[in-house]
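A short worksheet on the structure shown next.
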Amino acid sequence: MPELPEVETVKRSLEKHITGLTFSEIILIMPKIVKVPAPQSFTENVAGKKIKKIGRRGKYLLIHLSDNNTLVIHFRMTGRLVYSEPGTPPGKHTHAIFKFSNGYELHYSDIRQFGRISLVDTDKLDAAPGLKDLGVEPFSENFTREFLKRELKRRRTKIKPLLLDQTFIAGLGNIYADEALHRARLSPEKTASNLTTREIARLYPAIKDVLAEGIANRGTTFRDYVDGMGQAGSNQEALKVYDREGKPCLSCKTPIARIRLGGRSTYYCPKCQK
DNA sequence: CCGTAACCCTGCGTGC
DNA sequence: TGCACGCAGGGTTACG
């Protein structure tokens, strides 16, 4: 499931190949994946436009076009965007094909069909649905230890669900939230406002470190995730707790526990994480 | 404010 | 090439 490191890897792998290319034709196989505008308007407005720049905000991939519009793509769980050879046949779950004037194609596929694409005014990006309420970018200068401390102090929710809250920090998902808490040696059930200064001093770098490591390893591939060139990542080999229920903690050998928090599976070491 | 749950959807693991 | 069922998951929305 593409979280910040996976979307960042898609961005980096795609941008060197498609920046400057011009869309020639868009084939929308499954119209419902386009949120706004209406399907016909969408395909007409993307065709003929040149890609100016690729960006990312939280888990959203942003493809900025020459006419001051931006394609906003959210992959949810199983979405993929892969730069493909001319004439690549659509797969079973290919929902849109973006053809370039050089013959190459960008194939958007999504097994679960949860992902969505929008075309919005670049100047109004910050007000776009989904983007307008996004919280701080973990690698921005706004995300400081002091910010984290101040925000945690006024939240009475458990720390794990809070880390998943995109209006708080943008880009953390289930995998990296669990990994950050393990790295910081904090129980996912701890109430945010109860974290001590010392604990926050562990959590702050842990969040940035697990995300940076995920990017360095080109993302976590459990089943579906691939980058913009169709390549799997290797960060699954670096995970300490996620999807390791019953397996020994790599620090203390205690079996990794799995509980449910905020409706999500949560993996942690009951001994290391207090 | 906080927690829970339904919804969207398909593939996969499980039990028979 | 068995089949029915339930679960998983990100974000949004609804509800208590």
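Within every chain, numbering begins at 1; the chains are lettered A, B, ... in the order of the sequence lines, protein sequences first and strands thereafter.
In the model, Ser265(A) has a side-chain atom that pairs as donor or acceptor with a side-chain atom of Arg258(A) under 3.5 Å. Thr122(A) and Thr70(A) share a side-chain donor-acceptor pair at under 3.5 Å. Side-chain contact of Lys32(A) with Gln113(A): a donor-acceptor pair under 3.5 Å is present, judged by distance alone. Using a 3.5 Å distance cut-off with no hydrogens or angles, the side chains of Tyr225(A) and Glu3(A) do not pair a donor with an acceptor. Looking only at atom types and distance, the side chain of Ser13(A) has no donor-acceptor partner in the side chain of Tyr83(A) under 3.5 Å away. Looking at Lys52(A) and Asn69(A), their side chains never bring a donor and an acceptor atom within 3.5 Å of each other.
Here Tyr242(A) lies in heavy-atom contact (under 4.0 Å) with sugar-phosphate atoms only. Here Tyr60(A) lies in heavy-atom contact (under 4.0 Å) with sugar-phosphate atoms only. Using a 4.0 Å heavy-atom distance criterion, Asn174(A) is classed as a sugar-phosphate-only contact. At a threshold of 4.0 angstrom between heavy atoms, the contacts of Gly115(A) with the nucleic acid are absent.
To the nearest angstrom, P of dT10(B) lies 10 Å from CD1 of Ile111(A). The interatomic distance linking Ile33(A) (CD1) with dC8(B) (P) rounds to 18 Å, in whole Å. A straight line from CG of Leu131(A) to P of dT12(C) spans 10 Å, rounded to a whole angstrom. Arg223(A) places its CZ atom 13 Å from the P atom of dG10(C), with the value rounded to the nearest Å. Atoms CZ (Phe222(A)) and P (dG9(C)) sit 10 Å apart, rounded to a whole Å. Taking atom NZ on Lys153(A) and atom P on dC1(B), their separation rounds to 19 Å, with Å as the unit. Here dG11(C) presents its C1' atom at 11 Å from CG of Asp165(A), a figure rounded to the nearest Å. As rounded to whole Å, 11 Å separates atom P of dG10(C) from atom CD of Glu6(A).
Remark: nothing in residues 258-267 of chain A comes within less than 4.0 Å of DNA chain B through any heavy atom.
When each of Thr167(A) and Phe114(A) is assigned the nucleotide of DNA chain C with its nearest heavy atom, Phe114(A) is the one assigned upstream, toward the 5' end. Toward the 5′ end of DNA chain B lies the nearest nucleotide of Arg155(A), the other residue of the pair Arg76(A) and Arg155(A) mapping further downstream.
For the pair His93(A) and dC9(B), the criterion of a side-chain N or O lying under 4.0 Å from OP1 or OP2 is not met. At the phosphate of dG3(B), OP1 or OP2 sits under 4.0 Å from a side-chain N or O atom of Thr157(A). Here Gln166(A) reaches the OP1 or OP2 of dG11(C): one of its side-chain N or O atoms lies under 4.0 Å away. Contact annotation: Lys92(A) side-chain N/O to dG11(B) OP1/OP2 distance is under 4.0 Å. Residue Lys59(A) places at least one side-chain N or O closer than 4.0 Å to OP1 or OP2 of dG11(C).
The side chain of Lys32(A) sits closest to dC9(B) out of dG11(B), dG11(C), dC9(B). Counting only heavy atoms from C-beta on, Arg156(A) has its side chain closest to dC2(B) among dC2(B), dG11(C), dG3(B).
In Lys153(A), the NZ atom is crowded: over 12 heavy atoms of neighbouring residues, nucleotides or ligands sit closer than 6.0 Å. Surrounding NZ of Lys50(A) are at most 12 heavy atoms belonging to other residues, nucleotides or ligands under 6.0 Å away.
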